[in-house]
Structures are given as C-alpha cells and as structure tokens.
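Just below is one structure, and these are the notes that go with it.
As a basis for the values below, the full set of heavy atoms in this structure was taken, side chains included, without hydrogen atoms, waters or symmetry mates. In each ligand, atom 1 is the first atom listed, and ligand 1 is the first ligand listed.
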Amino acid sequence: MPANPSSLLILHPRLNVYLKPFVLSLPHFSSPTLSFNRARSFPIPRHPFPIGPTRNFSSLSSTSVAQCSGENGGDGGRSGALSPPPITDVVQKIDVNPPKGTRDFAPEEMRLRSWLFQNFREVSRIFGFEEVDFPVLESEALFIRKAGEEIRDQLYCFEDRGNRRVALRPELTPSLARLVIQKGKSVSLPLKWFAIGQCWRYERMTRGRRREHYQWNMDIIGVPEVTAEAELISSIVTFFKRIGITASDVGFKVSSRKVLQEVLRCYSIPENLFSKVCIIIDKIEKIPLDEIKKELTSTGVSEEGVEELLQVLSIKSLAKLEEILGSAGEAVADLKQLFSLAEKFGYSEWIEFDASVVRGLAYYTGIVFEGFDREGKLRAICGGGRYDRLLSTFGGEDLPACGFGFGDAVIVELLKEKGLVPELSLQVENIVCALDVDLQGAAARVASILREKGQSVDLVLESKPLKWVFKRAARINAYRLILVGSSEWQRGMVSVKILSSGEQNEVKLDELE
Ligand code: HAM
C-alpha cells in the first residue's frame, strides 16, 4: 500500500493502484507569461523557392548537364546570384507532407532508424573501423563523371548564392575520396572508415527506393588484396545475422569487372570504353536486350564482341568462367581467392558467383558485389566493390580502395517482409510528479538528482491528475513512478512505486538510486 494512504483512495482499474481524489480537482499549473498564443499566425511565402532556369532546385536534366560543369564561382559566398525567397504577408496553409520521396521520422520511425544505425555502428566498431562524415552539400564537380551513369541524371544540383555549382550528395564515396586526397600522406594506411549519411537521388520511386535515403558505408583504403573485399562482405553478413536475417533470406552476387575487361581485351576494345560498357551492362535487367546490344555496338564493340560478352555475362559458375577465361587472368584468381576466404570466414552459403553483376557506378575496377533478397521482391539491399582508380580522377594519387553502401530503406522493407521489425517502444526509467503545485520545485530537484546519476526522467511539468500520470507512465513504459508529496517531502522522503509489481516504498532523497 502507498505510504500516504489517506491521500490515495481510488483504485486505478488497469494499474491496480490507488488514486488521490483531491489531485484530480487541482487547477492546471499554468503561467500567463508563458502561455502560447495559438491564434497567432506567421506569414508563409507563396513560393518557398524562387523558380527559374538557374534558380531551380531540381534534378539534373539532360539539357542542363552542360551547366553542371563544376566551375565554381569564388567570391567568398556573399554575392547574390539568387534572391532570397519573397516575403509575403499572405497566410497560406502549408502542405504538411514532406517533399515527394522524402520522409519525416516521427518518434516511432526514429526509434527504428536509431536501432538500425546502432547496429551499423556496432558492426563497424567490432571490425575496427573509424567513423567519418562529410557535408551533405558538395561541389557538383565531385559527382560529374564521364561515363553516363544513372546517378548523374538523378543529381539534385543547383547554383548557390556565390554562383557555385553545388549538389546534394547522391552517395558518399566521392566525398570519402576527396577527404583521403586532402589528408594525403598525413594518414597511415590502411584506412578503415565508416560513415552513415543521407544521400539524395532524384529517383523514380519504387518500393524501398526514395529520393532521399541514408547509407551506411564501410571502406578500406590502402589494401590491394582481396582480403579487404572478404572482410567487407563479412561485416555485412555479421550485420544481417545481428538483425535476424539468415542466408536463406539474403545472398550476395559476386563478380569482378576484370571479367569484362578480359573479354573486351580479346576484342581490342579500348580501355577508356570500359566503364561505359559496364554501365550499359548494369541496365541488363531494366531494359530490353536488343537495346543493350544497340547501346554496346554504338560504343564501338563489334557484334561478335557483344554476343561473346553477353554469353560470358550469363555464367553463374566460377568453374565455367575458368573454362572460358583460363586460370591465368586476375579475374578468376581474385574470385577464387574471395570464395576461398569466404569459406574461412564462414559465410560461403551467403555468396554466389554471377557474372552479370557489374554495378552501375563508373569507378569500380575489380570485385563487385550486391546483396539481394532471395525471394526477388526487392531491389539491391547493398552493393560495393573495388575502386582502385577513383582518386586519380579527382587529381589525387591512386590508392587501392574498396567499400560498400548499404541503404536504410530496402532493409526495412525486408524486415517487414520477414516479420523481423523489432518492437521498439519508448522507455523512460522514471516518471516524477509533484502531488501539489507548490512541490513542482521539489519534483524538479528529484529529477535533477536522478539525471545526474544518468537515469532518464520524465518530469510531469504541469499539475495533472494522478490518473493522467499513470496513463502517461504506461505510455512511456516507465519503470517507476516517484511521487513528491508534502508529508514525505517534509521528512526528506519521496514515494517510489515500481510500476510492474505495484510495490511502493518511501525512500530518502539521498538514498534514491
Ligand atoms: P549504390 O549501389 O548506388 O552504391 O548504393 C548503395 C545502396 O544504397 C543500395 O544498395 C541501396 O541499399 C541504397 N540506395 C541507393 N539508392 C537508393 C535510393 N534511391 N533509395 C533507397 N536506397 C538507395 C553506392 O552508392 C556506392 N557509393 C557504394 C560504395 C561505397 N562503393 C564503394 N564504397
């Protein structure tokens, strides 16, 4: 029973506790000086962004590609090529939805996101990676590459007030490369870096594909051996296992761009066409085969070469690939080493060879891989590979590099499919409530004492009936309720109720743990 039984008389039906009737009739604790004037309205501009050809905050259309030359203005950022949004007194009802393809994260969604990110961070930590971060806004030049990648057409790019062409990053790898070049010889290799950041792509939306998504990246810079790729795949497998995904749910398709390189070499296709060919081939499941063939021949691959290429791409066994390419080449050697390492790491059942995997980004040079759901309902869950020549495209000195990107959206779809979305409810350890308006300060003191000990406290900030307090305690999953009543407070005590058991005791303030 409560320590102060005379004040707790009504039995709460759900929580099996007694409520104090006089608190139910207390006036609401309010301060006229702090009251919020709800009737007040704020002027909202009619056009949040000025609209015009150079001002338009839009995806990069093919006609505006020429503008995206990466030539940045350099006046120190003060000039006014863009005028600020117009000021208007007209009050307009805003659209409460976020822009198309983007998401709000209300507490429930945020809890899931935080859980996901904690797992990303924890896996990165146990693999010995350091966290890095980059700006979401980068120079547009960083993302403009020669080969016609899809990602370039999806770029959110615009001119800033200093006439610089800038873009919201569609991926993290170019920023990482920029930072590696900037650090130069001051860092000791290998670098093992991870990052979690928001990326923007003006995508045609499908399930799990959005215009903004978060990506977890792990990259290893300075290791030319396949051990690096094997380690990266191992980290993703570790992540999947942690969140309850098994090898029967997900697999990795693995190949090497060197396979294509070797085939192209047989047909004397110039090296500089290589990434272009890879990008065409990446579209193999998205557009008709005839169109793929047409695009390939238009880059200069002979018809015979195209046929040979497509035949090699259909190979799903490493032994067959070896039969065709021989065992002397790097492609087969790298892949054999990766599969042998996978066995040692213990994730052989997760990976399979599939020559058709080439990846859609121009910079990959060696092993490439993609995580896929075995039911084939979703788009790639993650993807990565080796990109040994990216730094020199930015004017730096090349370093061996490989890494992967893992989005936050497709994996959530998969977790839903498998019924594996964890139940993540808000949990606050304590709820502290004054039983009297005059004891608000005393309750604040109790809350401060507990917070200094690292405990989470939801302090009831208004004068509320106990019934309300118990309801709130249930909503926030509080472990215990601390009531500050006058008779206990005068004796230096508070009333502590463990909400799961109903056990209640008076505890001295300085003994509150
Ligand atoms: P990516 O394949 O373009 O690679 O993207 C990696 C992952 O990000 C995808 O597998 C997917 O999970 C997620 N993702 C991409 N676009 C979207 C989207 N529109 N909506 C939702 N999720 C998406 C890269 O970005 C490379 N930079 C990865 C990398 C890092 N390679 C080496 N290091």
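- Contact between Glu343 and Ser348 at its shortest, heavy atoms only, is CA-OG, 3.1 Å.
- Geometric assessment of Lys253 against the ring of Phe372 yields a positive cation-pi assignment under the 6.0 Å and 45° thresholds.
- Scanning all protein heavy atoms for the shortest distance to atom 14 (N) of ligand 1 gives His213 NE2, 3.3 Å.
- Considering each of Gly208, Cys199, Gly403, the one bringing a non-hydrogen atom nearest atom 21 (C) of ligand 1 is Gly208.
- Of the protein's non-hydrogen atoms, the one nearest atom 24 (C) of ligand 1 is Leu361 CD1, 3.5 Å.
- In terms of polar-atom proximity, Tyr387 is not counted as a contact of ligand 1, lacking any N or O under 3.5 Å from an N or O of the ligand.
- With a heavy-atom cut-off of 4.0 Å, Phe404 touches ligand 1 through its backbone alone.
- In summary, the atoms of ligand 1 found under 4.0 Å from a heavy atom of Glu203, numbered by their order in the structure, are 16 (N), 18 (C), 19 (N).
- The shortest heavy-atom contact between Val358 and Cys278 is CG2-O, 3.3 Å.
- Heavy-atom minimum distance, Leu260 versus Leu313: CD2-CD2, 3.9 Å.
- Looking at Glu303 and Lys293, no side-chain N of the basic residue comes within less than 4.0 Å of a carboxylate O on the acidic one, giving no salt bridge.
- No part of Ile411 comes within 4.0 Å of ligand 1, judged by heavy-atom distances.
- The shortest N or O to N or O distance between Arg201 and ligand 1 is below 3.5 Å.
- With ligand atoms numbered from 1 in the order given, ligand 1 contributes 26 (C), 27 (N), 29 (C), 30 (C), 31 (N), 32 (C), 33 (N) to contacts under 4.0 Å with heavy atoms of Thr173.
- Within the 4.0 Å heavy-atom criterion, the part of Ile381 lying near ligand 1 is the backbone and not the side chain.
- With salt bridges taken as basic N to acidic carboxylate O contacts below 4.0 Å, one links Arg125 and Glu122.
- Geometrically, Arg145 does not engage Tyr363 in a cation-pi contact, judged by NZ or CZ lying under 6.0 Å from the ring centre and within 45° of the ring axis.
- For a threshold of 3.5 Å applied to N or O pairs, the pair formed by Gly407 and ligand 1 contains at least one separation below that value.
- Within the set Arg386, Glu370, Gln215, Arg209, the minimum heavy-atom distance to atom 8 (O) of ligand 1 is found for Gln215.
- Distance from atom 20 (N) of ligand 1 to its nearest protein heavy atom, with residue and atom name: Arg210 N, 2.9 Å.
- Using modelled atom types and a 3.5 Å distance limit, the side chains of Asn477 and Ser425 yield a donor-acceptor pair.
- Among protein heavy atoms, atom 28 (C) of ligand 1 sits closest to Gly405 N, 3.4 Å.
- In terms of protein heavy-atom proximity, atom 10 (O) of ligand 1 is closest to Cys382 CA, 3.2 Å.
- Assignment of Tyr363 to the shell around ligand 1 is supported, since a heavy atom sits closer than 4.0 Å.
- Using 4.0 Å as the threshold, Arg359 has a heavy atom nearer than that to some atom of ligand 1.
- Closest heavy-atom contact between Gly197 and Arg169: CA-NH2, 3.2 Å.
- Distance from atom 31 (N) of ligand 1 to its nearest protein heavy atom, with residue and atom name: Tyr364 OH, 2.6 Å.
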Enumerate donor-acceptor pairs with a distance under 3.5 Å from any side-chain N or O in residues 388-397 to protein atoms, sequence neighbours excluded.
residue: Asp388; atom: OD1; partner: Arg386; partner atom: NH1; Å: 2.8
residue: Asp388; atom: OD1; partner: Ala401; partner atom: N; Å: 2.8
residue: Ser392; atom: OG; partner: Arg389; partner atom: O; Å: 3.2
residue: Ser392; atom: OG; partner: Asp398; partner atom: OD1; Å: 3.2
residue: Ser392; atom: OG; partner: Asp398; partner atom: OD2; Å: 2.8
residue: Thr393; atom: OG1; partner: Leu390; partner atom: O; Å: 2.5

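- Scanning both residues, Arg257 and Phe274, for their nearest heavy atoms gives O-CZ, 3.3 Å.
- For atom 33 (N) of ligand 1, the closest heavy atom belonging to the protein is Asp219 OD2, 2.8 Å.
- Looking at Glu212 and Arg103, a side-chain N of the basic residue comes within less than 4.0 Å of a carboxylate O on the acidic one, giving a salt bridge.
- Close approach to Gly383 involves these atoms of ligand 1, each under 4.0 Å from a residue heavy atom: 10 (O), 28 (C).
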